[in-house]
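Structure first, then comments.
For clarity, every value in this text was computed on a predicted model and none was experimentally measured.
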Amino acid sequence: MSSFQPLPETAGPPVCPRHPDRISYVRCQRCGRPVCPECQRQAPVGVQCVDCVAEAARNARPTQTVLGGRVHDGRPVVTLTIIALCVVSFVLQLAVLGWTARWAFSPAAGQVEPFRFLTTAFLHSTSIFHILFNMYALWIVGPFLENALGRARYIALYLISAVAGSVGVLLFASPVEFAWVQGAVGASGAVFGLFGAVLVVLRRLGRNAQSFLMIIGLNLVIGFVVPGIAWQAHVGGLVVGAGLGAAYAYAPALRRREIGIVATVVAAVVVVGLALLKYASV
């Protein structure tokens with residue numbers, strides 16, 4: 001007489017780990033676990049679960065441009081933020097009495113309140129054409145540089161160029177002339193800094209920069225010919241922007257981060273040092 005061996009209990013139907021009440025015979029291509037329709041994500045072959053997709057995204061190396069800028073999907077956030085700040089400030093200039101005088105730069109005011117070297121770049125004259133031109137120019141070159149250099153270097157380039165524009169006004173001013181106390185406003189110094197940088201970046205990438213050369217040359221001439229335009233700010237921003245852009249663009253890939261930091265600090269120190277030397281001389 002043979003003994004009776006009971007059959008082993010069979011396992012239940014496969015269920016989704018995230019939704020145990022849902023039966024699923026579809027399995028993730030990476031981990032092999034059952035995955036319900038809500039947790040399925042299309043993969044090059046088959047489907048993956050949301051957990052594997054999230055893990056892959058965390059471990060993925062960020063995509064970089066040729067110059068080491070991190071690629072961001074969507075809108076150029078930094079450029080749009082700068083434009084928004086300039087527009088808001090322009091509205092406040094029209095609506096709030098004394099707003100322009102409080103933040104505008106002049107060599108005399110900058111000596112007492114150094115923050116004006118930067119804040120003046122977010123102000124414009126009451127002519128709508130002034131802010132329209134600067135914002136249009138910023139929109140033409142800003143998104144390209146923001147993507148090519150990355151947001152951090154782009155912000156540094158813009159801010160240092162803006163201060164360099166004010167320093168340019170300071171260097172060409174004399175304390176015995178009216179220009180010493182005359183206010184200068186506008187984002188032109190920063191915009192010309194971007195112009196200088198984009199020329200270098202385009203050359204580094206082997207692309208044609210002739211159209212930008214024509215725009216820069218035309219605006220430099222206008223600054224010298226048309227009264228009331230601070231050409232000194234254009235020159236200051238252009239020189240510093242081109243130099244800083246060259247350091248960013250031609251830095252070796254293995255030393256790009258270190259050189260970028262050093263170049264930014266050196267540019268800032270040079271700009272501030274020139275301002276201090278000018279004030280010390282008068």
[X] side-chain N/O to [Y] backbone N/O, donor-acceptor pair under 3.5 Å:
{"X": "Q40", "Y": "V35", "answer": "yes"}
{"X": "S161", "Y": "L157", "answer": "yes"}
{"X": "S188", "Y": "N134", "answer": "no"}
{"X": "S166", "Y": "F117", "answer": "yes"}
{"X": "R27", "Y": "R33", "answer": "no"}
{"X": "Q93", "Y": "H124", "answer": "yes"}
{"X": "K278", "Y": "P107", "answer": "no"}
{"X": "Y248", "Y": "L149", "answer": "no"}

Is the closest basic N to carboxylate O distance between R75 and E146 below 4.0 Å?
-> no
Between atom [atom1] of [X] and atom [atom2] of [Y], what is the distance when rounded to the nearest 0.5 Å?
{"X": "L123", "Y": "L85", "atom1": "CG", "atom2": "CG", "result": "11.5 Å"}
{"X": "I261", "Y": "R255", "atom1": "CD1", "atom2": "CZ", "result": "12.0 Å"}
{"X": "E113", "Y": "Q111", "atom1": "CD", "atom2": "CD", "result": "12.0 Å"}
{"X": "L199", "Y": "L213", "atom1": "CG", "atom2": "CG", "result": "5.0 Å"}
{"X": "Y25", "Y": "C36", "atom1": "OH", "atom2": "SG", "result": "14.5 Å"}
{"X": "F195", "Y": "L145", "atom1": "CZ", "atom2": "CG", "result": "10.5 Å"}

Mind running side chain to side chain contact (heavy atoms under 4.5 Å, CB included) on I160 and V271 for me, showing each step along the way?
-> CA-CA 8 Å; I160 294 176; V271 169; 4.2 Å; yes
Consider only side-chain heavy atoms of I, L, V, M, F, W and Y, link residues closer than 4.5 Å, and tell whether [X] and [Y] are in one cluster.
{"X": "V112", "Y": "L277", "result": "no"}
{"X": "Y279", "Y": "L171", "result": "yes"}
{"X": "F129", "Y": "F122", "result": "yes"}
{"X": "I155", "Y": "V272", "result": "no"}
{"X": "F115", "Y": "L118", "result": "no"}

Is it true that, when you exclude [X] itself, more than 12 heavy atoms of the residues, nucleotides or ligands shown sit nearer than 6.0 Å to its [atom1]?
{"X": "R22", "atom1": "CZ", "value": "yes"}
{"X": "R102", "atom1": "CZ", "value": "yes"}
{"X": "Y250", "atom1": "OH", "value": "yes"}
{"X": "L254", "atom1": "CG", "value": "no"}

Where is the tightest heavy-atom contact between [X] and [Y], given as atom of each residue plus distance?
{"X": "L138", "Y": "I82", "answer": "CD2-CG2, 3.7 Å"}
{"X": "V77", "Y": "T81", "answer": "O-OG1, 2.7 Å"}
{"X": "P252", "Y": "I259", "answer": "CD-CD1, 3.4 Å"}
{"X": "Q232", "Y": "G168", "answer": "CB-O, 3.4 Å"}
{"X": "R116", "Y": "G110", "answer": "CD-N, 4.4 Å"}
{"X": "A249", "Y": "V201", "answer": "CB-CG2, 4.3 Å"}

Verify side-chain hydrogen bond (donor to acceptor under 3.5 Å, both in side chains) between S106 and Q182, making sure each step is shown before the conclusion.
-> CA-CA 6 Å; S106 70; Q182 185 180 21; over 6 Å; no
Residue from Y158, W139, Y154 passing side chain to side chain donor-acceptor pair (under 3.5 Å) with T79 | Y154
Partner of V198 under side chain to side chain contact (heavy atoms under 4.5 Å, CB included), chosen from L202, L194, V200 = L202
For W103 and S89, test the side chains for any donor-to-acceptor distance below 3.5 angstrom and give the result as yes or no.
-> no
Plane angle bin for H234 and F192 - parallel if under 30°, tilted between 30 and 60°, otherwise perpendicular | parallel
So R41 and C49, side chain to side chain contact (heavy atoms under 4.5 Å, CB included) or not? Walk me through it.
-> CA-CA 6 Å; R41 299 294 183 267; C49 65; over 6 Å; no
R204/L67 under side chain to side chain contact (heavy atoms under 4.5 Å, CB included): CA gap, chis, key distance, verdict | CA-CA 9 Å; R204 167 66 175 80; L67 301 183; 3.8 Å; yes
